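Computed from a predicted structure; not experimentally measured. Below, read A as the first sequence line, B as the second, and so on, with proteins coming before strands; counting in each chain starts at 1.
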2 protein chains.
Amino acid sequence: MSGMRIGEVAQASGTTTKTLRYYEEFGLLPAADRTPAGYRDYGLDVLDRLDFIGRGQAAGLTLAQIGQVLDIRDRGQAPCQHVTDLLDTRLEVIDRQLAELAQLRAKIADLREDAAAGDPATCSPEDVCRYL
Amino acid sequence: MSGMRIGEVAQASGTTTKTLRYYEEFGLLPAADRTPAGYRDYGLDVLDRLDFIGRGQAAGLTLAQIGQVLDIRDRGQAPCQHVTDLLDTRLEVIDRQLAELAQLRAKIADLREDAAAGDPATCSPEDVCRYL
DNA sequence: ATCGACCTTCCAGGGCACTGGAAGGTCAAG
DNA sequence: CTTGACCTTCCAGTGCCCTGGAAGGTCGAT
């Protein structure tokens with residue numbers, strides 16, 4: 001009873017064959033069984049795994065982080081504690097990024113406002129452009 | 001009357017010799033004069049230019065974008081119109097990023113809240129971890 | 001003469017998650 | 001038998017901005 005070939009898995013999971021092979025090489029997917037001809041032969045469980053990987057990606061986790069979670073699970077443990085830690089860290093990072101981005105936005109908006117008010121002719125060569 | 005060597009320029013501008021050589025190769029800085037020994041010999045004007053590059057970087061412009069502005073200026077034109085366009089585009093991008101990041105933050109905060117409330121034992125293997 | 005701080009060029013890597021392409025094997029249908 | 005869709009591996013490149021390191025030349029002071 002043979003399972004899915006890589007193209008079917010790609011289609012079913014909404015990714016590409018390239019990506020699946022990359023995930024395997026990266027260690028996110030276990031080495032797939034092979035047909036006599038050497039084709040990868042996947043079971044249905046790979047779809048759950050890919051779904052989890054997708055959820056992790058959607059939460060902005062890196063493949064390396066997702067891999068850690070998967071490894072814990074593969075060792076038979078519940079990765080929940082690790083996941084919550086990851087989420088906490090992620091929140092901190094995002095809050096920092098939001099703050100930085102808001103600050104940058106304000107700065108650029110200021111520059112833009114000056115530019116709207118000013119006269120381009122007042123740019124001096126040593127400034128290159130005084131609007132920046 | 002010789003000017004500054006690359007190390008002095010690096011120090012005066014708060015960057016590194018590596019970066020200065022990279023900027024030259026990338027086209028942000030004109031090829032510097034050379035001393036008889038082949039050392040780069042910079043005039044004071046390079047500091048204005050580096051200051052502008054720094055301002056552009058601080059506004060989140062890419063080196064390629066900064067290079068465009070510098071090219072316009074080098075052709076003797078006022079790059080102000082181009083700069084304001086760049087700033088407008090930059091604002092749009094940042095607003096999109098802010099919105100995406102805020103959405104992501106909300107999503108992760110939700111996940112995290114579920115995790116705080118739930119029981120890790122309810123994770124099933126096909127979920128890998130239900131907190132994600 | 002020699003030391004150490006500087007300078008030169010050139011090549012390679014790194015982080016992240018793929019993506020492209022070449023060269024070739026396999027399979028089912030017509 | 002041929003076509004075309006699929007599969008395989010391996011290598012290299014993308015984008016961005018540097019950064020590291022090797023191998024060697026130059027300068028000023030001791």
Side-chain angles (χ1 to χ4, degrees), chain A residues 2-29 31-42 46 49-50 52-70 86 89-90 93-94 97 100 104, chain B residues 2-29 31-42 46 49-50 52-70 86 89-90 93-94 97 100 104:
Chain A
S2 86
M4 292 172 290
R5 274 165 303 149
I6 197 170
E8 294 178 81
V9 174
Q11 192 155 24
S13 63
T15 172
T16 68
T17 59
K18 281 285 192 191
T19 300
L20 292 173
R21 279 187 280 259
Y22 173 73
Y23 283 177
E24 180 178 314
E25 187 196 5
F26 189 78
L28 291 184
L29 297 180
D33 289 344
R34 298 295 177 126
T35 67
Y39 288 10
R40 284 176 181 78
D41 186 24
Y42 292 95
V46 76
R49 204 171 172 95
L50 286 168
F52 177 79
I53 294 171
R55 294 192 326 263
Q57 293 243 73
L61 301 183
T62 65
L63 293 188
Q65 290 173 320
I66 296 168
Q68 284 173 12
V69 177
L70 254 6
L86 241 26
T89 305
R90 194 79 192 95
V93 171
I94 288 179
Q97 287 179 332
E100 279 169 22
L104 183 57
Chain B
S2 87
M4 294 172 289
R5 274 164 305 146
I6 197 169
E8 295 178 83
V9 174
Q11 193 155 24
S13 62
T15 172
T16 67
T17 59
K18 281 285 191 190
T19 300
L20 292 173
R21 280 187 279 257
Y22 173 73
Y23 282 178
E24 178 178 314
E25 188 196 3
F26 188 76
L28 291 185
L29 297 180
D33 289 345
R34 299 294 179 128
T35 66
Y39 289 10
R40 284 176 181 78
D41 186 23
Y42 292 95
V46 77
R49 204 170 172 94
L50 286 169
F52 177 80
I53 293 171
R55 295 192 326 264
Q57 294 243 73
L61 301 182
T62 65
L63 294 188
Q65 289 174 322
I66 296 169
Q68 285 173 13
V69 176
L70 253 6
L86 241 26
T89 305
R90 193 81 192 95
V93 171
I94 289 179
Q97 288 178 333
E100 279 168 23
L104 183 57

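With a 4.5 Å cut-off on side-chain heavy atoms, B:Leu63 and B:Tyr22 count as touching. Side chains of A:Leu50 and A:Leu29 form a contact here, defined as non-hydrogen atoms less than 4.5 Å apart. A:Glu100 places none of its side-chain heavy atoms less than 4.5 Å from the side chain of A:Leu104.
Put simply, CD on B:Glu25 is 10 Å from P on C:dT9, counting in whole angstrom units. Distance CD1 (A:Ile6) to P (C:dT26): 17 Å, rounded to an integer number of Å. Going from atom CD of A:Gln11 over to atom P of D:dC6 covers 9 Å, rounded to whole Å. Put simply, CD on A:Glu8 is 13 Å from P on C:dA28, counting in whole angstrom units. Rounded to whole Å, the distance from CG on A:Leu50 to P on C:dA17 is 15 Å. If you take CZ of A:Arg21 and P of C:dG21, they are 15 Å apart, rounded to a whole angstrom. Protein atom CG of A:Asp41 is 10 Å distant from nucleotide atom P of D:dT8, rounded to whole Å.
Between the B:Glu8 side chain and the B:Arg5 main chain, a donor and an acceptor come within less than 3.5 Å of each other.
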Where do N or O atoms of nucleotides 14-17 of chain D meet protein N or O atoms at under 3.5 Å, pair by pair?
unit_1, atom_1, unit_2, atom_2, d
D:dC17, OP1, B:Leu63, N, 3.4
D:dC17, OP2, B:Leu63, N, 3.2

Please list, for nucleotides 22-24 of chain C, all pairs of protein and nucleotide N/O atoms separated by less than 3.5 Å.
none

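Contact annotation: B:Thr19 reaches the phosphate of D:dT19 (side-chain N/O to OP1 or OP2, under 4.0 Å). The shortest distance between the side-chain N/O atoms of B:Arg34 and the OP1/OP2 oxygens of C:dT9 is below 4.0 Å. Phosphate proximity of C:dC7 to B:Thr17: absent, as no side-chain N or O sits under 4.0 Å from OP1 or OP2.
B:Phe52 and B:Leu70 get closest at one heavy-atom pair: CD2-CD1, 3.6 Å. In terms of heavy atoms, B:Val46 sits closest to B:Met4 at CG1-CE, 4.4 Å. The minimum heavy-atom distance linking A:Thr15 with A:Ser13 is given by the pair CG2-OG, 2.9 Å.
At a threshold of 4.0 angstrom between heavy atoms, the contacts of B:Arg40 are confined to the sugar-phosphate backbone, with no base atom among them.
Within a 6.0 Å radius of CD in B:Gln57, more than 12 heavy atoms belonging to other residues, nucleotides or ligands are found.
Considering B:Arg49, B:Arg40, B:Lys18 as possible partners of B:Glu24, the one that fulfils the salt bridge (charged side-chain N to carboxylate O under 4.0 Å, His left out) test is B:Arg40.
Each of A:Thr16 and A:Tyr39 was assigned the nucleotide of DNA chain C with the nearest heavy atom; the assignment lying further toward the 5' end belongs to A:Thr16.
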